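Everything numeric here is computed off the predicted structure, so don't read it as measured data. Quick note on labels: first sequence line is chain A, next is B, and so on, each numbered from 1.
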2 protein chains.
Amino acid sequence: MIVNGSTVHEVLVAVFQVRHLGGHDDPKHHNGAELCVLLWERAMAPMVGMWSLPGGKLRSDEDLPTSARRQLAEKVDVRELAHLEQLSVFSDPHRVPGRRTIASTFLGLVPSPAEPELPSDTTWHPVTALPEMAFDHRTVVDYAHSRLAAKLSYTNIGFALAPEQFTISTLKSIYSAALGYHVDATNLQRVLGRRGVITPTGSTAPSGRSGGRPAAVYRFADSRYRVTDEFAALRPPG
Amino acid sequence: MIVNGSTVHEVLVAVFQVRHLGGHDDPKHHNGAELCVLLWERAMAPMVGMWSLPGGKLRSDEDLPTSARRQLAEKVDVRELAHLEQLSVFSDPHRVPGRRTIASTFLGLVPSPAEPELPSDTTWHPVTALPEMAFDHRTVVDYAHSRLAAKLSYTNIGFALAPEQFTISTLKSIYSAALGYHVDATNLQRVLGRRGVITPTGSTAPSGRSGGRPAAVYRFADSRYRVTDEFAALRPPG
DNA sequence: TCAAAAGTGTTAGATTTACACCCATGC
DNA sequence: GCATGGGTGTAAATCTAACACTTTTGA
């Protein structure tokens with residue numbers, strides 16, 4: 001039974017980061033780097049043992065982005081969060097048991113080298129191997145992922161996944177992991193360069209222990225989200 | 001002063017239709033056709049005399065799209081609504097005076113020939129000449145417009161603005177009006193044809209009183225929203 | 001026959017993937 | 001030297017805007 005006026009508004013955030021898993025390098029696609037999402041394991045009913053997105057109830061004195069950041073602070077250092085954007089709203093009256101709960105969902109991005117401390121119930125999960133998730137949270141993750149992939153094409157959103165400074169190789173593995181397919185380093189450099197998304201810093205990175213030419217170091221021109229080319233594309237390989 | 005739990009959730013819809021205004025044809029851009037949005041004039045405080053988007057409070061037993069259709073039924077025949085999609089949520093605690101109100105906004109589309117009856121306080125307004133609007137509703141209209149323009153490029157969303165059957169000329173003026181710039185009829189036909197968005201019906205339309213070759217009649221292949229080409233573009237003229 | 005509207009053919013430009021080839025460094 | 005990774009040059013494919021030209025109709 002539903003009591004009028006008892007509707008709750010919650011915020012859910014799909015936080016992504018490109019992370020290097022295990023030792024076994026799999027250079028086939030993304031050089032061991034994988035796109036991961038932050039999940040916590042439910043200890044109490046309902047849905048004990050299933051995995052959920054971080055989030056919680058909206059307060060009456062905060063707007064949605066503020067709430068998302070506050071809720072996230074319980075899981076990760078919010079200063080690590082380089083990008084946060086609103087996705088869809090889930091409003092089915094029966095999407096969760098109990099009081100009617102409307103969920104506003106968000107996409108959050110954490111740059112790659114960061115290694116934030118996590119509570120014991122919280123871990124990163126590769127999006128290619130998600131556990132069983134509570135309620136409609138899996139839908140949120142899938143939607144957030146496709147949104148991220150699309151925006152890598154025509155915006156500078158990559159800045160929120162990459163380190164401050166990086167080589168093209170590093171950027172290539174980040175883009176490959178986030179997109180899920182192989183990205184050509186050569187073309188990535190040219191495309192992002194032409195659009196003014198990345199610029200060389202002038203310095204170079206030392207070459208690895210097995211030799212090789214030292215790589216030029218780049219950074220993103222802007223550190224804030226920007227639509228770079230409405231009609232640009234990063235197409236999957238043919 | 002804000003009382004906890006008194007938050008209201010409302011729905012706002014920016015309903016667009018391409019309409020032929022006045023007699024003076026302006027073939028420069030869109031052949032007299034203009035993209036219009038449905039607004040009603042406030043008769044009561046606050047903001048008397050200003051123009052607002054249709055919408056209203058969400059009920060506890062309906063989800064957002066259902067609510068949007070119900071609220072809209074008070075303004076237009078909902079059967080005319082060929083497309084409805086969620087946009088952003090506006091959640092600033094002080095976006096409207098009085099009780100805290102969270103607004104979920106929508107984009108709605110009405111096909112071109114329809115001429116729904118409207119209440120006396122409600123009229124169509126060209127997006128190129130919007131009146132002063134209440135609260136943050138102008139922001140919603142602008143956002144909805146840009147979303148529509150973007151989706152005309154890579155989805156079949158045009159079906160929701162066009163008649164069931166149409167000539168390429170008709171479709172061209174609809175696209176031109178919605179996009180705000182001149183679209184080449186030749187290329188529109190080829191692009192949408194190659195993507196399988198439109199198909200010829202086989203019949204032809206009679207030529208006008210001043211002669212001219214009769215135009216082939218087309219229709220949209222699907223009558224439901226579909227992403228046709230993730231990476232396709234309709235670029236503005238160079 | 002002529003003007004008007006529709007459709008076809010073609011060109012030029014832009015963008016992107018793919019890949020061969022040259023460059024710089026450590027061992 | 002030589003293997004290894006990084007960078008440049010370039011070709012091929014795709015797509016799109018622009019526009020000249022042909023086709024079909026009504027007066």
Side-chain angles (χ1 to χ4, degrees), chain A residues 25 27 29 31-32 152-154 165-173 175-176 179 181-218 228-238, chain B residues 25 27 29 31-32 152-154 165-176 179-218 228-238:
Chain A
D25 267 31
H29 266 186
N31 194 34
L152 283 172
S153 267
Y154 63 92
Q165 314 239 326
F166 50 85
T167 66
I168 295 295
S169 293
T170 302
L171 195 62
K172 161 211 159 85
S173 60
Y175 270 66
S176 295
L179 291 170
Y181 54 77
H182 177 261
V183 175
D184 185 289
T186 297
N187 298 326
L188 187 65
Q189 187 237 33
R190 263 196 286 249
V191 168
L192 297 185
R194 168 160 36 83
R195 293 182 198 159
V197 174
I198 60 174
T199 48
T201 63
S203 52
T204 59
S207 51
R209 55 198 160 291
S210 56
R213 175 169 167 175
V217 175
Y218 286 77
T228 57
D229 186 345
E230 188 79 25
F231 302 109
L234 285 175
R235 293 207 187 80
Chain B
D25 268 30
H29 265 186
N31 194 35
L152 283 173
S153 266
Y154 63 92
Q165 314 240 325
F166 50 85
T167 66
I168 295 296
S169 294
T170 303
L171 195 62
K172 161 211 160 86
S173 61
I174 289 172
Y175 271 67
S176 295
L179 291 170
Y181 55 77
H182 177 261
V183 175
D184 186 288
T186 297
N187 297 327
L188 187 66
Q189 188 237 32
R190 262 196 288 248
V191 169
L192 297 184
R194 169 159 37 81
R195 292 181 198 161
V197 174
I198 60 174
T199 48
T201 63
S203 53
T204 58
S207 51
R209 57 196 159 292
S210 56
R213 174 170 169 174
V217 176
Y218 286 77
T228 55
D229 186 345
E230 187 79 26
F231 301 110
L234 286 176
R235 294 207 186 79

Nearest listed nucleotide, side chain of I168(A), among dG6(D), dG7(C), dG7(D): dG7(D)
Report yes if a side-chain nitrogen or oxygen of Q189(B) is closer than 4.0 Å to either non-bridging phosphate oxygen (OP1 or OP2) of dA6(C); otherwise report no. no
Qualifying residues under side-chain contact (heavy atoms from CB on, under 4.5 Å), relative to R235(B), sequence neighbours excluded: F231(A), A233(B)
Nearest whole Å is fine: how far is dC19(D) P from K172(B) NZ? 13 Å
Check side-chain contact (heavy atoms from CB on, under 4.5 Å) between A205(A) and all other residues, then give those that pass, not counting sequence neighbours. T167(A), V217(A)
Output one letter per nucleotide in nucleotides 11-21 of chain C: B when a protein non-hydrogen atom lies under 4.0 Å from the base, S when only the sugar-phosphate is that close, - when neither is. -----SBBB--
side-chain contact (heavy atoms from CB on, under 4.5 Å) filter on V191(B), not counting sequence neighbours, yields R194(B), R195(B), L234(B)
Restricting to side-chain contact (heavy atoms from CB on, under 4.5 Å), what partner residues turn up for A185(B), sequence neighbours left out? I168(B), K172(B)
Residues in side-chain hydrogen bond (donor to acceptor under 3.5 Å, both in side chains) contact with T228(B), at least two apart in sequence or another chain: none
Given atom CD of E230(A) and atom P of dT16(D), what is their separation to the nearest angstrom? 15 Å
Starting at CD1 of I198(B) and ending at C1' of dA6(C), how long is that distance when rounded to a whole Å? 14 Å
Counting only side-chain N and O atoms of S169(A), is one of them less than 4.0 Å from OP1 or OP2 of dG5(D)? no
Would you indicate what A185(A) reaches in the nucleic acid, counting non-hydrogen atoms under 4.0 angstrom: base, sugar-phosphate, or nothing? nothing
